[in-house]
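First up is the structure itself, then whatever we jot down about it.
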Amino acid sequence: MPCEVISFRQAGFYYGLFGHFAPAPASKAVLTMSRLKCALRGFDFRALLVLLIGVPILILMIYAHGQKVTYFLRPIWESPPKPFKTIPHYYHENVTMEKLCKLHGWKVRETPRRVFDAVLFSNELDILEIRWNELSPYVSEFVLLESNSTFTGLKKPLHFKDNRHRFGFAESRLTYGMIGGRFVKGENPFVEESYQRVALDQLIKIAKIEDDDLLIMSDVDEIPSGHTIDLLRWCDDIPEILHLQLRNYLYSFEFFLDDKSWRASIHRYKSGKTRYAHFRQTEELLADSGWHCSFCFRYISDFAFKMQAYSHVDRIRFKYFLNPERIQDVICRGADLFDMLPEEYTFQEIIAKLGPIPSTYSAVHLPSYLLQNVDRFRYLLPGYCRRESG
């Protein structure tokens, strides 16, 4: 409703000596209040209440859960990568190597190729011991590089150097290197990671790798099965570069996530061409080739360390993520340490993976060294989610 018209006299105006209307000094307050009432008459106080309360709540929700919203909407803003060409994988311990090579469309060699296993090492001592024992019968040279710096620029001990005695079985076939950290504050962690991978590339050359030798490129926790490496070293005509499909586990072999781990790869080495990398390098993927056990640590302190040390440190949105009691609870529930949604490219896959990972009670087809030393590595098996503090 429009405001009422106020007469000059009601408003306290008088006709001045010079022919102009002017407010009477005593009536200024009356005029001000009238104007204020007129301005507020059409204003919705409920809308003001929504703005004062709703907007701060919305900002808080975006701050707390914005990353989840982004990941849930990923199918809208990012297309899935081109599918791999998956090569069927045939294996049984009672089938001859000649027959296995033939099943894959390859020919058997007269002598096996040499195999080099090269890794960047941080602090995964137990997983490294399981990996090297799984591969030991087939590897000619182990190549390991460690730094006194994490990818995020944190100073760390040389864990492998301090525990080298645990790996005496590999000493005669070991090329070990150490590289000093750069400790550049505020730098993208992937820069330091790339710097260390380039250094590992040089260490591989020091190990005297030659053309057509096989080179395994994978993180420590990406473990190719021994029979997969044996197959590839004995068969001719295998692809020059081949990614390995690994079974994805989280925290232990109790929580099987999926079989979509593909970053591990094996290369027929070529001087001047082969470069150590951890990204997609070919279209061909060999099915069911091993295990990827991510965040598979004995101590709670190691979980917290890796969360702050690896290249995705930006996922620690709140300090309480590092709380030991929270970490233990997350492990036993099979939930996500960073409280993130699944990294998938379709809404169907995202919804299917919402919530904790269901427990599996199968310990079949795991690394043999793990089962042979179950008393030492029981925490990696189904039913043993409790961790030591460290």
Side-chain angles (χ1 to χ4, degrees), residues 57-74 77-78 120-127 146-157 159 181-197 219-222 248-252 255 257 260-261 263 278-279 292-344 350 353-357 379 385-390:
I57 291 177
L58 179 61
I59 293 174
L60 181 62
M61 289 180 65
I62 292 174
Y63 175 73
H65 302 289
Q67 191 178 61
K68 286 186 177 181
V69 174
T70 301
Y71 272 79
F72 186 77
L73 298 178
R74 187 179 191 178
W77 55 264
E78 186 174 355
L120 285 177
F121 185 77
S122 178
N123 66 330
E124 311 96 327
L125 288 166
D126 285 355
I127 291 296
E146 71 174 330
S147 173
N148 62 347
S149 169
T150 68
F151 294 158
T152 55
L154 300 175
K155 191 170 183 179
K156 74 172 188 67
H159 292 288
R182 293 158 56 250
F183 301 106
V184 179
K185 291 185 177 180
E187 184 179 65
N188 188 318
F190 287 99
V191 176
E192 177 67 25
E193 180 178 349
S194 177
Y195 169 73
Q196 293 187 25
R197 293 193 188 279
D219 287 348
V220 172
D221 58 6
E222 297 167 337
N248 250 333
Y249 292 89
L250 193 61
Y251 313 138
S252 72
F255 299 106
L257 180 59
K260 294 184 177 181
S261 179
R263 290 185 179 275
H278 199 237
F279 49 77
H292 181 191
C293 199
S294 184
F295 279 90
C296 291
F297 296 112
R298 181 187 298 272
Y299 302 110
I300 293 292
S301 58
D302 286 336
F303 285 85
F305 172 79
K306 180 170 180 176
M307 291 171 72
Q308 300 171 85
Y310 84 143
S311 297
H312 297 289
V313 66
D314 58 300
R315 295 177 177 178
I316 305 176
R317 304 193 309 280
F318 307 102
K319 287 185 178 180
Y320 79 85
F321 279 11
L322 301 173
N323 180 280
E325 292 181 0
R326 175 190 176 271
I327 292 175
Q328 179 63 80
D329 176 67
V330 166
I331 295 169
C332 285
R333 289 190 295 112
D336 191 276
L337 282 169
F338 303 98
D339 195 25
M340 292 174 56
L341 291 183
E343 298 182 74
E344 298 294 346
I350 291 174
K353 287 187 176 180
L354 288 176
I357 305 170
Y379 71 94
C385 67
R386 303 299 302 178
R387 295 294 192 269
E388 302 172 43
S389 60

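Heads up: numbering here begins at 1 and tracks the sequence. The basis for the numbers below is simple: all heavy atoms, side chains too, and nothing from hydrogens, waters or symmetry mates.
Although no hydrogens or angles enter the test, the distance criterion places no donor-acceptor pair under 3.5 Å between the side chain of Arg387 and the main chain of Tyr299. A distance-only check finds a donor-acceptor pair linking the side chain of Gln328 to the backbone of Cys385 [under 3.5 Å]. With hydrogens and angles ignored, the 3.5 Å screen pairs a side-chain donor or acceptor of Arg263 with a backbone N or O of His278. Looking only at distances, no side-chain donor or acceptor of Lys260 sits under 3.5 Å from a matching main-chain atom of Asn248. Although no hydrogens or angles enter the test, the distance criterion places no donor-acceptor pair under 3.5 Å between the side chain of Ser261 and the main chain of His292. Within the 3.5 Å criterion, the main-chain N or O of Gly153 finds no donor-acceptor partner in the side chain of Glu192.
Atom CG of residue Asp314 and atom CG of residue Asn188 lie 9.0 Å apart, to the nearest 0.5 angstrom. Here CD of Glu222 is found 11.5 Å from CD1 of Ile127. Values are rounded to the nearest 0.5 Å. In this structure, the separation between CD on Glu124 and NE2 on His159 is 9.5 Å, given to the nearest 0.5 Å. The CG atom of Asn123 sits 10.0 Å away from the CD atom of Glu146 when rounded to the nearest 0.5 Å.
Minimum heavy-atom separation, Leu120 to Val220: O-CG2, 3.4 Å. The shortest non-hydrogen separation linking Tyr310 to Arg315 is OH-NH1, 3.5 Å. In plain terms, the two heavy atoms of Leu322 and Ala304 that are nearest each other are CD2-O, 4.0 Å. Closest approach of Cys296 to Ser252, counting heavy atoms only: SG-N, 3.5 Å. In terms of heavy-atom proximity, Phe183 sits nearest to Asn148 at CZ-O, 3.7 Å.
Under the 6.0 Å distance and 45° angle rule, Arg326 counts as a cation-pi partner of Phe321.
Contact check for Ile331 versus Ile300: side-chain heavy atoms found under the 4.5 Å cut-off. The shortest distance between side-chain heavy atoms of Ile327 and Met307 falls below 4.5 Å. Side-chain contact check for Asp336 versus Val330: every heavy-atom pair is 4.5 Å or farther apart. Between Arg74 and Glu344, every side-chain heavy-atom pair lies at or beyond the 4.5 Å cut-off. Side-chain contact between Arg333 and Tyr251 is absent, with no heavy atoms from C-beta onward closer than 4.5 Å. Taking 4.5 Å as the limit, every side-chain heavy atom of Val184 sits out of range of all side-chain heavy atoms of Tyr195.
Counting non-hydrogen atoms of neighbouring residues, nucleotides and ligands closer than 6.0 angstrom, the CD atom of Glu325 reaches no more than 12 such neighbours.
Every residue meeting the side-chain hydrogen bond (donor to acceptor under 3.5 Å, both in side chains) condition with Tyr379, not counting sequence neighbours, appears here in chain and number order: Asp126. Checked against salt bridge (Lys or Arg N to Asp or Glu O under 4.0 Å), Asp219 has the following partners two or more places apart in sequence or in another chain: Arg197.
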Verdict with reasoning, Cys332 to Arg386, per side chain to side chain contact (heavy atoms under 4.5 Å, CB included): CA-CA 7 Å; Cys332 285; Arg386 303 299 302 178; 4.0 Å; yes
Verdict with reasoning, Arg182 to Val191, per side chain to side chain contact (heavy atoms under 4.5 Å, CB included): CA-CA 10 Å; Arg182 293 158 56 250; Val191 176; 4.0 Å; yes
Criterion side chain to side chain contact (heavy atoms under 4.5 Å, CB included) on Ser122 and Phe305, from CA distance to verdict: CA-CA 10 Å; Ser122 178; Phe305 172 79; 3.7 Å; yes
Side chain to side chain contact (heavy atoms under 4.5 Å, CB included) assessment of Phe295 paired with Leu337: CA-CA 10 Å; Phe295 279 90; Leu337 282 169; 3.6 Å; yes
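For the 3.5 Å distance criterion, the side chains of Ser149 and Ser147 fail to qualify, holding no donor opposite an acceptor.
Taking the six-membered ring wherever Trp is involved, the centroid distance between the rings of Phe297 and Phe303 falls below 6.0 Å. In this structure, His312 has its ring center no closer than 6.0 Å to that of Phe151.
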